[in-house]
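The block underneath contains the structure these notes are about, expressed in structure tokens.
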Amino acid sequence: MAIFVNSLFFLLLILFVSSFGLRALADSDSDRVAELLHLQSQSKTGVIYLDDITLRRFLIPQPRSYSFIIFFDAVQFRDKPDLHITELKSEFELVASSFITNNQGLPSASKVFFCDIEFKESQSSFALFGVNSLPHVRHVGPSIRNLKDSEPMDQSDFSRLADSMAEFVESKTQVSVGPIIRPPLVSKKQLVFLVVCLIISTPFLIKKVLAAETPLHDHKVWMAGALFVYFFSVAGAMYNIIRKTPMFLADRNDPARLIFFHQGSGMQLGAEGFAVGFLYTVVGLLLGFVTHALVRLRNQKLQRGFMLFAILVSFWAVRKVIYLDNWKTGYGVHAFWPSSWA
């Protein structure tokens, strides 16, 4: 009988200790979540800054009920145009703030936290993840024990910035980020100031319009605008804006040397587009001069001289464009003569 009582007491003691331990772990996880929410609320962008100490505090303990999306930063590489670290960090902060806004008051708000780590202050943390190149974004799930087993974002996905980051978060955490909320181009104060200025200047604008003294009544302005639109179109400026293409790159073998033309069709630098746009603009201006101004000259010798000059310069410009295309793509462009002309 005494053995039975002792065994029952021992079993109850084990159950009590086990339940107490599980409760302590749960309380510890809830405490960490509360602390993370507090740190998140103190950040203007919603991104929690981590160092070697705080990373171990929030990522090493098990179990965890939350996921981390970590942006790896390095101050010394922010000025490198080919990495786009500053721009990508800004987009990462935009995803974090959008997630917080769209999930406010929902249980999912405490399931995903956005963090960043800086290399100089957290070199050992970079080593724990095995990160040796930037840009880099990583998802650390609740069940991850070895940080090197966490899931990195594919390098090719950085081209779509915030949208691709949001898709990465949703695919790994199964939590919706929601629409990306971008700040307006003009703040409310700026908008009010512009409206007030417009109201004040309206009488003066009406007077100028009635007197035909506005810049829109000047043909030179329209000519300059047409020339700008033409150059903007043929220089591939819209491609540079959408892709955020750098004007030039620093040579990796010689940092003091700048690269303005990059061989290979997979990438185009802004300087390349402007060079080709300049050559095309020269040809367009010469064509406009020949068809609108040169025909009004009465001196035939001057007409022939200017015509020959326009042909030679246009031929040189087009040849340079073809040469650049051949050099970048490797495809040759040559003249085609009909067989009957041979």
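Nothing here was measured: the structure is a model prediction, and the numbers come from that model.
- The number of heavy atoms from other shown groups lying within 6.0 Å of CD1 (Ile53) does not exceed 12.
- Side-chain contact check for Gln76 versus Lys120: some heavy-atom pair is nearer than 4.5 Å.
- Residues Val137 and Leu88 are not in side-chain contact: their nearest non-hydrogen atoms beyond the backbone lie 4.5 Å or more apart.
- Heavy-atom contacts from other residues, nucleotides or ligands closer than 6.0 Å to CZ of Phe289 number more than 12.
- Gln300 CD: 12 or fewer foreign heavy atoms inside a 6.0 Å radius.
- Within a 6.0 Å sphere centred on CZ of Phe231, other residues, nucleotides and ligands contribute more than 12 heavy atoms.
- At a threshold of 4.5 Å between non-hydrogen side-chain atoms, the residues Pro179 and Asn102 count as touching.
- Within 6.0 Å of the CH2 atom in Trp327, the count of heavy atoms belonging to other residues, nucleotides or ligands exceeds 12.
- Ser67 is listed as a side-chain neighbour of His139, based on a closest heavy-atom distance under 4.5 Å.
- Inter-residue side-chain proximity for Thr202 and Ile206 is flagged as met; some heavy-atom pair is nearer than 4.5 Å.
- With hydrogens and angles disregarded, a donor-acceptor distance shorter than 3.5 Å links the side chain of Thr291 to the backbone of Leu287.
- Using a cutoff of 4.0 Å between basic side-chain nitrogens and carboxylate oxygens, Glu167 and Lys172 are not scored as salt-bridged.
- Leu94 places a side-chain heavy atom less than 4.5 Å from the side chain of Pro183.
- Counting heavy-atom neighbours within 6.0 Å of Arg78 CZ, excluding the residue itself, gives a total above 12.
- Tested against Ile70, the residues Val131, Asp116, Val140, Val47 include a single side-chain contact (heavy atoms from CB on, under 4.5 Å) partner, Val140.
- Electrostatic pairing of Glu35 and Arg57 counts as a salt bridge here, judged by a charged N lying under 4.0 Å from a carboxylate O.
- Not a single donor-acceptor pair under 3.5 Å links the side chain of Ser314 to the backbone N or O of Ile311.
- Residues in residues 60-82 take part in these ring pair (Phe, Tyr, Trp, His ring centres under 6.0 Å) pairs, two or more places apart or across chains: Tyr66-Phe68, Tyr66-Phe113, Phe71-Phe92, Phe72-Phe126, Phe72-Phe129, Phe72-His136.
- Note: Met307 CE to Leu302 CG = 12.5 Å, rounded to the nearest 0.5 Å.
- Looking at heavy atoms from C-beta onward, Val234 lies out of side-chain contact with Val276 at the 4.5 angstrom threshold.
- Judged by distance alone, with hydrogens and angles left aside, the side-chain atoms of Gln40 form no donor-acceptor pair with the main-chain N or O of Ile48 at under 3.5 Å.
- Judged purely by distance below 3.5 Å, without hydrogens or angles, the side chains of Glu121 and Tyr49 pair a donor atom with an acceptor atom.
- Listed for the Arg56 side chain is no donor-acceptor partner under 3.5 Å among the backbone atoms of Ser125.
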ask   = So Lys89 and Glu118, salt bridge (charged side-chain N to carboxylate O under 4.0 Å, His left out) or not? Walk me through it.
value = CA-CA 11 Å; Lys89 184 177 181 182; Glu118 205 283 317; over 6 Å; no
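- Distance CE/Met153 to OG/Ser164: 3.5 Å, rounded to 0.5 Å.
- Surrounding CD of Gln104 are at most 12 heavy atoms belonging to other residues, nucleotides or ligands under 6.0 Å away.
- Surrounding CZ of Phe232 are more than 12 heavy atoms belonging to other residues, nucleotides or ligands, all under 6.0 Å away.
- Between the side chains of Ser108 and Asn103, at least one donor-acceptor pair of N or O atoms lies under 3.5 Å.
- Proximity of a side-chain donor or acceptor of Ser150 to a complementary backbone N or O of Leu147 within less than 3.5 Å is detected.
- A heavy-atom distance below 4.5 Å is not found between the side chains of Asp154 and Phe168.
- Counting only distance, with no hydrogens or angles, the side chain of Asp51 and the backbone of Thr54 share a donor-acceptor pair below 3.5 Å.
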